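Source: prediction; values computed, not measured. Numbers restart at 1 for each chain; the letters A, B, ... are given by sequence-line order, proteins then strands.
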Amino acid sequence: MKGMFKYMLFCVKCFTLWELLKGLFITLKYLFKPKITIQYPEAKTPISDRFRGLLALRRYEDGSERCIACKLCEYVCPARAIVIESKQSEDGSRRTTKYDIDMFKCINCGLCEEACPVDAVVVTPVQHYHMQERGENIMTKEKLLKVGDMYEHDLQKRISNNNGDR
Amino acid sequence: MYDILSNFFTGDLLHVVWIGFLSGCIIIPLLLSVAYLSYAERKVIGYIQGRIGPNRVGIYGLLQPFADLFKLVGKEIINPTRSNTFLFIVAPVLTLAPAIIAWAVIPFDLGMALADINAGVLFIFAMSSFGVYGVLIAGWASNSKYALLGAMRSAAQTISYEIAMGFSLVGVLMASGSMNLQKIVLAQDGCLINWFVWPLMPLFLVFWIAGIAETNRAPFDVAEGESEIVAGFHVEYSGTAFAVFFLAEYANMILIGVLTSIFFLGGWLSPFKGLPILEDLFIFVPGTIWLFVKTGLFLFVYLWIRATFPRYRYDQIMRLGWKVLIPTTLVWIIVLGFMIKFEISPWFRV
Amino acid sequence: MLLNYLFFIFASITVGCSLMMILTKNPVKCALFLVVTFISSAGVWLLAGAEFLALVLILVYVGAVMTMFLFVVMMINIDQVESFKPKIWRYFLVSMTMIGGIAYCMYLAIKETQLVGRTVLDREVIDNVSAIGMKLYTEFGYSFVISGILLLTAIVASIALVYRAPQNRKVQNVKEQMQTKKSDRLKLIDL
């Protein structure tokens with residue numbers, strides 16, 4: 001008897017297209033909900049303070065390079081994207097003559113930043129960059145320092161926001 | 001306008017030119033509304049999915065259909081190797097032509113039909129059944145297995161659903177006692193209670209479902225199921241030829257929308273006719289606008305359904321067509337016979 | 001005047017396409033030529049004032065029968081029918097006899113009727129569809145019912161020929177599938 005009633009209920013549901021209408025009303029509800037699209041060039045998605053984008057080399061406030069050519073970043077890099085050559089400079093300190101990061105190899109893991117004892121190599125929040133010609137994928141020391149100079153203000157804010165966590 | 005034309009032409013030629021002018025009056029707005037239906041589709045589906053749809057070309061993206069059109073026209077039509085060139089080019093035209101020809105008998109208002117023929121329903125039905133040839137020929141002439149499979153599916157689906165559609169129209173014919181579209185609308189004269197939706201509710205649903213299946217729209221779009229057969233019968237088409245297929249699909253959608261409103265929702269009749277206050281309130285709205293409003297409603301439901309339901313499997317489509325829709329119509333035709341016999345008011349008076 | 005020209009256009013298309021249908025070697029093209037033949041003969045019927053018959057011709061033959069034909073022809077993918085040339089004379093006599101027979105029958109049928117200037121029905125009073133309906137359900141009622149039964153027999157027979165019982169193959173029980181609830185398939189347990 002109960003089975004019979006259940007079957008009749010099922011038939012009624014079938015012929016009134018109940019489940020279909022239920023589905024339709026769910027989508028109708030979404031028609032009036034606020035949209036989540038972010039219109040890209042005008043608006044961008046917020047970026048976390050820990051976002052790992054393009055790499056950069058920083059300087060001290062007096063303008064000298066932080067990097068001491070310890071090659072810890074070269075050693076820790078899992079993709080072997082970093083190539084460093086060093087030489088003793090005139091004041092007797094060890095300085096890099098070549099600091100290349102291949103952005104095709106780089107996997108943006110941020111291990112180099114963690115390895116760096118003097119906070120020289122850092123990740124920046126820059127995520128939109130492109131290469132137009134062959135060879136531009138190699139970020140040379142000059143380019144990295146330039147990026148660092150450009151974003152120094154941002155980088156300091158990020159570092160203080162992160163309270164030393166990376 | 002007729003007077004102006006009669007200054008230049010005489011006799012039979014005048015008649016031909018006049019008909020050409022009138023069909024231009026139908027076709028140009030039709031193609032425009034096809035363009036904006038595609039825009040509406042992208043907007044509505046976008047909104048349902050929490051997106052905002054096209055909004056870059058022109059204000060609110062209103063020029064988007066034209067941007068698409070110019071892009072398609074500028075593209076090259078690629079003719080596949082070992083395909084039948086003549087049939088390959090003719091196929092898109094064969095899909096578009098019936099979709100437009102069928103508009104000849106649509107009454108936009110009392111007496112506002114290009115051809116007021118007595119077998120109007122049959123004419124529309126013949127044209128819609130003719131539309132499958134474009135798809136079949138496109139699939140065969142492309143010399144591609146995906147296209148052929150898509151054409152097969154489309155043909156099988158169209159044949160199956162045409163039967164259900166025909167039977168539901170039999171109900172409409174029984175209720176109105178005529179095959180003339182104007183007489184069908186006039187048989188529903190009165191306020192919205194008098195429309196055929198109410199006594200013919202199951203037939204209305206069957207007609208609508210079969211209409212969606214006939215136009216190969218979601219959830220019955222296995223003919224172009226992109227997950228299995230890329231794009232079905234129009235994989236090999238690009239540029240203008242593809243644009244014509246696109247136009248045909250949307251023109252067919254609008255046609256089905258108009259037909260449903262004529263057969264079941266009283267065509268150009270105002271829903272408030274004969275109601276005390278509302279009739280005076282809406283008396284300024286011309287009948288054509290009512291027809292367009294009803295059609296627009298159905299077109300929205302088309303898009304709404306597309307945004308809601310997942311695609312049917314091929315065997316499910318066949319089962320629905322043959323084992324559910326056709327028996328439903330058969331049963332309801334018998335019920336309808338009794339309703340007419342016992343003159344159930346307000347629909348079937350003497 | 002215009003209608004006369006239209007008649008000749010339709011008639012020549014009909015004859016030309018039916019000839020092409022016989023002479024073309026590709027079966028798909030044959031079927032398409034037959035479709036064009038049907039459409040143009042529907043045009044001829046329209047000119048004769050038989051709009052119901054013309055539209056039904058398109059609806060039934062073009063819309064359903066020929067679609068099925070094309071469907072099958074495309075599916076079995078016969079590339080070319082082998083040339084008829086060596087055999088054509090063998091069948092010549094038979095076909096000529098048949099053509100003669102049909103022509104004689106047609107002559108007998110139309111000998112008595114006056115072809116020109118004969119109105120089939122008064123179009124003001126009764127339209128084509130109703131006229132056919134009247135005839136079909138009164139005068140030819142029995143033959144109508146009998147042909148209906150014949151068609152029904154054909155449907156039943158075709159199903160009986162191809163039906164395989166649902167043993168030895170996997171079929172889904174749709175009713176059962178539809179009646180399952182999510183609680184039948186999924187059980188939430190506390191961990």
query = Is any residue of residues 157-171 of chain B within less than 4.5 Å of chain C by heavy atoms, and which ones?
reply =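 So the qualifying residues are B:I159, B:E162.
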Please indicate whether [X] has more than 12 foreign heavy atoms, meaning atoms of other residues, nucleotides or ligands, lying under 6.0 Å from its [atom1].
X	atom1	result
B:Y146	OH	no
C:M106	CE	no
B:F88	CZ	yes
C:E176	CD	no
C:F69	CZ	no

Against chain C, work out which of [options] has the most heavy-atom pairs shorter than 4.5 Å and name it.
options	answer
B:A155, B:A126, B:G131	B:A126
B:L149, B:I137, B:L122	B:L122
B:D315, B:L136, B:L148	B:L136

ask   = Under a 4.5 Å heavy-atom cut-off, does chain B meet the side chain of C:L32, its backbone, both or neither?
value =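 Contact with chain B: side chain only.
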key: Contact origin within C:V35 toward chain B - heavy atom pairs under 4.5 Å   =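 For C:V35, the side chain is the part near chain B, not the backbone.
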key: CZ on B:F130 to CE on C:M66, rounded to 0.5 Å   =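 The CE atom of C:M66 sits 11.5 Å away from the CZ atom of B:F130.
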ask   = Tell me, do C:I58 and B:F125 make a side-chain contact under 4.5 Å, heavy atoms counted?
value =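 Counting from C-beta outward, C:I58 and B:F125 never come under 4.5 Å.
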ask   = Would you say B:Y133 and C:T67 make side-chain contact, with heavy atoms under 4.5 Å?
value =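 Side-chain contact under 4.5 Å: yes.
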With a 4.5 angstrom heavy-atom cut-off, could you sort out which part of [X] is near chain C: side chain, backbone, both or neither?
X	answer
B:A156	both
B:N180	neither
B:M179	side chain

Non-hydrogen atoms of B:S129 and C:L59 that approach each other most closely =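 In this case the closest contact between B:S129 and C:L59 is OG-CD1, 4.0 Å.
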